[in-house]
Protein chains: 2
Amino acid sequence: MRYSIGQAAKKMNLTAHTLRYYDKEGLLPFVQKTSAGQRVFTEQDMEWLVIIECLKETGLQLKEIKQYIDWCQQGDCTLEKRLNMFKQQKKKVEEQIMKMQKNLEKVNFKIAYYEEAVKNGSVDVYKRNKCLAEQKERLFGNLTESGK
Amino acid sequence: MRYSIGQAAKKMNLTAHTLRYYDKEGLLPFVQKTSAGQRVFTEQDMEWLVIIECLKETGLQLKEIKQYIDWCQQGDCTLEKRLNMFKQQKKKVEEQIMKMQKNLEKVNFKIAYYEEAVKNGSVDVYKRNKCLAEQKERLFGNLTESGK
DNA sequence: TTAATCTTTAGAGTTTACTCTAAGTCAAGC
DNA sequence: GCTTGACTTAGAGTAAACTCTAAAGATTAA
């Protein structure tokens, strides 16, 4: 299966504009063109796009992703660099997941808070609900009390 | 405990510039100033900053965060709006965590791949290691084969 | 009191990642 | 063959979130 730029874009939930931009930035050196100059994306190219997407979502900038692509083009002498990059990336992703779980706790707290507030028609929650007041201390107090 | 803009910034891992920018954008209407015009951040203000940080990290734009702050300023008649916002946000955070876990799987696969490649000094991994080849199908194949 | 450091404002500049336009070329269906 | 829609390039424009500058005023420590 081969894809035009439009089909590839659709599959990846991007626009053709974006794929051309990535190409211009040197992220897609592997994509071939027809004699008429039109890009053709192979299945393998789609796997590259999946990895580029993954690296982008985990916080790498396009120029850092380009660095990785460049290493891939340079051959086996860069294998260790690539391995190290992914090891670093693993740490970052794990940190991001932990951070997101903490954010989820804060959001859950706010939902509990506003459910209580809506029930009473007022923001005056902590006086009625000691449990929420304690939770608040745990989630917000630590940052504002400790550390200094 | 009260904080100058510089101290507040340090505590939140931001710069004073950024906090002034947030203020200019209407995100910090609660921050008071001294008679000489200098901002004073209270403990409560720091909690606001923690929530702003949380909303920012979970993907809200500053103008959407401002919307929330505005609702807070408007009083109890916006309680339900705020509750709904956090409920939506909860969904988004849960999706982000799931996405990150998928990204982690991809990164872990790449680490396994490159560890194998480094061991053999070559990128020619799938021929030697069928297990990795299958994993690759599971992680990348589904996106490139299904859906169309 | 005086130097060093912090804070103030308005406003200009930067970075990143798109996003769009124009003018033209190519491919598929009728 | 013709139309329609997708593709090409170079390059301009945009949005978001800072980031920095300059010039002046405030605060702190010796």
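Numbers restart at 1 for each chain; the letters A, B, ... are given by sequence-line order, proteins then strands. No hydrogens, no waters, no symmetry mates; every other heavy atom, side chains included, goes into these values.
- Annotation: the terminal axes of the helix from dT1(C)-dA30(D) to dC30(C)-dG1(D) meet at 20°, where each axis is the rotation carrying the C1' atoms of four end pairs onto the next four (5 pairs per end, rounded to 10°).
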Between protein and nucleotides 16-18 of chain C, what N or O pairs are separated by less than 3.5 Å?
from	atom 1	to	atom 2	distance (Å)
dT16(C)	OP1	Q61(A)	OE1	3.4
dT16(C)	OP1	K63(A)	NZ	3.0
dA17(C)	OP1	L62(A)	N	3.4
dA17(C)	OP2	L62(A)	N	3.3
dC18(C)	OP2	Y22(A)	OH	2.6

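- Taking the charged nitrogens against the carboxylate oxygens, K102(A) and E105(A) have no contact shorter than 4.0 Å, which rules out a salt bridge.
- Between R20(B) and dT8(C) there is a side-chain polar atom (N or O) within less than 4.0 angstrom of OP1 or OP2.
- Nucleotide dT9(C) holds its P atom 12 Å from the CG atom of L19(B), rounded to whole Å.
- A side chain to side chain donor-acceptor pair (under 3.5 Å) with Y114(B) is found for one member of K81(A), R82(A), E80(A) and no other, namely R82(A).
- Around atom CD of Q74(B), more than 12 heavy atoms belonging to other residues, nucleotides or ligands sit under 6.0 Å away.
- We find the CG-OH distance between L28(A) and Y22(A) to be 9.0 Å, quoted to the nearest 0.5 Å.
- L27(B) has its CG atom 13 Å from the C1' atom of dA16(D), to the nearest Å.
- Taking the ring axis of Y113(B) as reference, the NZ or CZ atom of K110(B) stays within 45° of it and closer than 6.0 Å to the ring centre.
- One hydrophobic cluster, built from ILVMFWY side chains closer than 4.5 Å, cannot hold both M98(B) and V93(A); they sit in different ones.
- Figure legend: cation-pi geometry between K136(A) and Y126(A), with NZ or CZ positioned under 6.0 Å from the six-membered ring centre and within 45° of its axis.
- Checking H17(A) against I5(B), the closest nucleotide of DNA chain C that is more toward the 5' end is the one next to I5(B).
- Put simply, CD1 on I65(A) and CG on D70(A) are 12.0 Å apart, with the number rounded to the nearest 0.5 Å.
- Heavy atoms of other residues, nucleotides or ligands lying less than 6.0 angstrom from NZ of K99(B) number 12 at most.
- To the nearest angstrom, C1' of dT7(C) lies 16 Å from CG of L28(B).
- Taking the six-membered ring where the residue is Trp, F86(B) and Y68(B) present perpendicular rings, their angle passing 60° and hence far from 30°.
- A side-chain donor-acceptor contact under 3.5 Å links Q89(B) to the backbone of T58(B).
- Whole-Å rounding puts the E25(B) CD to dA10(C) P distance at 13 Å.
- Side-chain N/O atoms of S4(B) include one lying less than 4.0 angstrom from OP1 or OP2 on dT7(C).
- Scanning residues 31-39 of chain B for heavy-atom distances under 4.0 Å to DNA chain C yields K33(B), G37(B), Q38(B), R39(B).
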